Amino acid sequence: MNRRDFARTGLATLAAAGTAWVRAQPPADLPPTVTAALARAGVPAQALAAAVADAAPGGALRLAHRAGAAVNPASVMKLVTTAAALDLLGPAWTWRTRIYTTGALEPDGTLRGDLIVRGGGDPKLVAERLWLLLRRVRGLGIRHVAGDLVLDRTAFALPPHDPAAFDGEPLRPYNVGPDALLINFGAQVLTFTPDAAAGVARVQVEPPLAEVAVPEAVPLAQGPCEDWRAALRADWAEARRPRLAGRYPAACGERVWPLAHPEQAAFAGRAIAGTWAAVGGTLAGRVRDGATPAEARLRLTWPSPPLVEVVRDVNKLSHNAMAQHVLLALAWAGRDPDEAPATWEAARAALHGWWRQRLGPEVPAPQVINGAGLSRDERVTAGALARLLQWAWTQPWGPEFAATLPRLGVDGTLARWPAGGAAAHLKSGSLADVQALAGYVHQPDGRRRVVVAVVNHPRAAQAREALLALTAWAAQAP
């Protein structure tokens, strides 16, 4: 079943179940502050789906406005993915990257065989951690690899990913797809540092990429710091020889530009080979994909940060690639990851089974595509999200989960949102026609409420004030 077919089959069931659940709850009108804000935004009230409830177990539903409608939640869907992972896998769960070798290691540090890097789906194998991993490999006494550098990606069995499919922006890091050997989120990070004395901006690339030559400097330009990326006149048509034909405004100071590597299939190999050279290793053979042979010797196991740390990044920063890796990890719940590769089908099945077991059949299950919310087809009801947040609040990992959400007006994706006096930990979500908030609001007397608000409308971006008004009402209403 393809993604579109998967999306169509569940929508009617989801909407019907959501309506049945909400009918059993006392309805409430929208607060006047919310309706006024929607009117100013030019967004009809029927474009908003919302629910507010006490966070305590069995807490009363305080407001239900179209709470049974199946809506696109954008990145708020990450709440479903991360809650399921914390429950099924546990906060301390880790992914594993392993190093294998074939052939003999000679006393002079020459490996007369292949060096194999077997990815385990670690979503946070960033440049610094890759450097540390390969330093550990050097610490094993390996200096020169006479054979090949082999990349084993068999932990995932996924269809090809098109980074341009969602919005035609293949170089945006948020469009990078999952990879069992995901390095630095699939992104090359360019840092521009002005050197006024030399009249140039120095360019540094992380991680170092074998076979890729990025200009070491670009001329400085005078004038204000406006669209500095456009001023660089960058051309990424040739992935191994990108061009920076423009100038960098000196007034910008130091800036960082993360970009998805134009040739994603080659990125991991280039990053590993480049970092291997940076730590003093040499390679005689080529970089290639391949499965780990049975006779290979396990040399090193490199665990990821614990799941709860990854969940914090997923929710605070709304990281799409990491969220997809978290969803795929559900395919391994209750079994050894080496038993079978993770697939989208197995991960979705695990999530739906978990939902039925934990929340019951009366709470409509979400329609999940990739678990990140970067989709036109994912759906969930506001009422179901409210029930999930209530349930999560009672779990042993509940406080850790709540702490992974951005603090309104303080950090993460909500750092620049006005708090308006409300203390809240909320996950935000936005697409071209979606604006959403969901999470926990802290009342002055110490109680907590869950709030869910999702707008699906062409003017959704203008509805942020209405979502904040609902959050403020949830914090102050009796």
Side-chain angles (χ1 to χ4, degrees), residues 18 21-22 24-26 28 49-64 67 73 75-93 306-312 314-316 323 326 351 354-360 362-366 371 380-408 410-412 414 422-429 436-454 467 470-478:
W21 180 73
V22 171
Q25 310 301 320
V52 177
D54 295 336
L61 188 67
R62 302 291 179 174
L63 180 147
S75 283
V76 166
M77 185 63 85
K78 292 179 173 76
L79 294 175
V80 175
T81 302
T82 54
L86 288 171
D87 193 42
L88 284 172
L89 302 172
W93 192 86
L307 175 64
V308 70
E309 183 177 325
V310 170
V311 167
R312 179 182 174 87
V314 168
N315 287 335
K316 289 277 189 186
V326 172
L351 187 145
W354 164 82
W355 184 280
R356 289 191 299 272
Q357 181 183 23
R358 297 304 195 195
L359 297 176
E362 76 280 1
V363 182
V380 71
T381 71
L385 281 174
R387 290 285 290 270
L388 170 67
L389 289 167
Q390 283 182 310
W391 173 83
W393 185 254
T394 69
Q395 302 309 301
W397 42 264
E400 294 170 284
F401 176 64
T404 70
L405 307 184
R407 174 79 181 273
L408 182 61
V410 175
D411 64 6
L414 297 183
H425 284 87
L426 303 165
K427 180 74 194 77
S428 63
L437 281 179
Y440 300 99
V441 176
H442 313 286
Q443 293 187 288
D445 61 3
R447 292 178 299 159
R448 303 289 186 272
R449 280 185 175 158
V450 302
V451 59
V452 179
V454 182
L467 304 189
L470 183 64
T471 301
W473 177 86
Q476 299 296 332

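Since this is a predicted model, take the numbers as computed values, not measurements. We use all heavy atoms of the structure for the numbers below, so side chains are in, but hydrogens, waters and symmetry mates are not.
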key: Side chain proximity check, Trp473 to Val451, heavy atoms < 4.5 angstrom   = no

Separation between CG of Leu86 and OG1 of Thr404, rounded to the nearest 0.5 Å = 7.0 Å

Hey, can you pull the donor-acceptor pairs under 3.5 Å for the side chains in residues 395-403, sequence neighbours left out?
| from | atom 1 | to | atom 2 | distance (Å) |
| --- | --- | --- | --- | --- |
| Gln395 | NE2 | Trp391 | O | 3.1 |
| Trp397 | NE1 | Asp87 | OD1 | 3.4 |

ask   = Going by atom types alone, do Lys78 and Thr81 pair a side-chain donor with an acceptor below 3.5 Å?
value = no

request  = Enter the distance from Lys427:NZ to Met77:CE here, rounded to the nearest 0.5 Å.
outcome  = 12.0 Å

Arg449 versus Pro478, closest heavy-atom pair with distance = NH2-O, 2.8 Å

ask   = Closest approach of Pro444 and Ala475, non-hydrogen atoms and distance?
value = CD-O, 3.3 Å

query = Any side-chain heavy-atom pair from Val450 and Leu388 closer than 4.5 angstrom?
reply = no

ask   = From Trp354 CH2 over to Leu359 CG, what is the distance, rounded to the nearest 0.5 angstrom?
value = 6.0 Å

task = Kindly indicate whether the side chain of Pro366, heavy atoms from C-beta on, has any atom under 4.5 Å from the side chain of Leu351.
result = yes

query = Where do Leu437 and Val76 land on the side-chain contact (heavy atoms from CB on, under 4.5 Å) test, with the steps shown first?
reply = CA-CA 7 Å; Leu437 281 179; Val76 166; 5.9 Å; no

request  = State the CZ-CH2 distance between Arg387 and Trp355, to the nearest 0.5 angstrom.
outcome  = 9.5 Å

request  = Report yes if the side chains of Thr381 and Leu385 come closer than 4.5 Å at any heavy-atom pair, otherwise no.
outcome  = no

query = Are any non-hydrogen side-chain atoms of Leu405 and Leu426 less than 4.5 angstrom apart?
reply = no

ask   = Do the side chains of Leu61 and Val52 get nearer than 4.5 Å, heavy atoms only?
value = no

message = Walk me through whether Glu362 and Arg356 qualify under salt bridge (Lys or Arg N to Asp or Glu O under 4.0 Å).
response = CA-CA 9 Å; Glu362 76 280 1; Arg356 289 191 299 272; over 6 Å; no

remark   = When every non-hydrogen atom of Ala56 is compared with those of Gln390, the smallest separation belongs to O-NE2, 4.3 Å

key: Residue pair Leu79 / Leu389, side-chain heavy-atom distance below 4.5 Å   = yes

Distance (rounded to the nearest 0.5 Å) between Arg448 CZ and His425 NE2 = 9.0 Å

query = Rounded to the nearest 0.5 Å, how far apart are CG of Leu408 and CG of Leu414?
reply = 5.5 Å

Carboxylate-amine/guanidinium contact Asp54 Arg447, below 4.0 Å = no

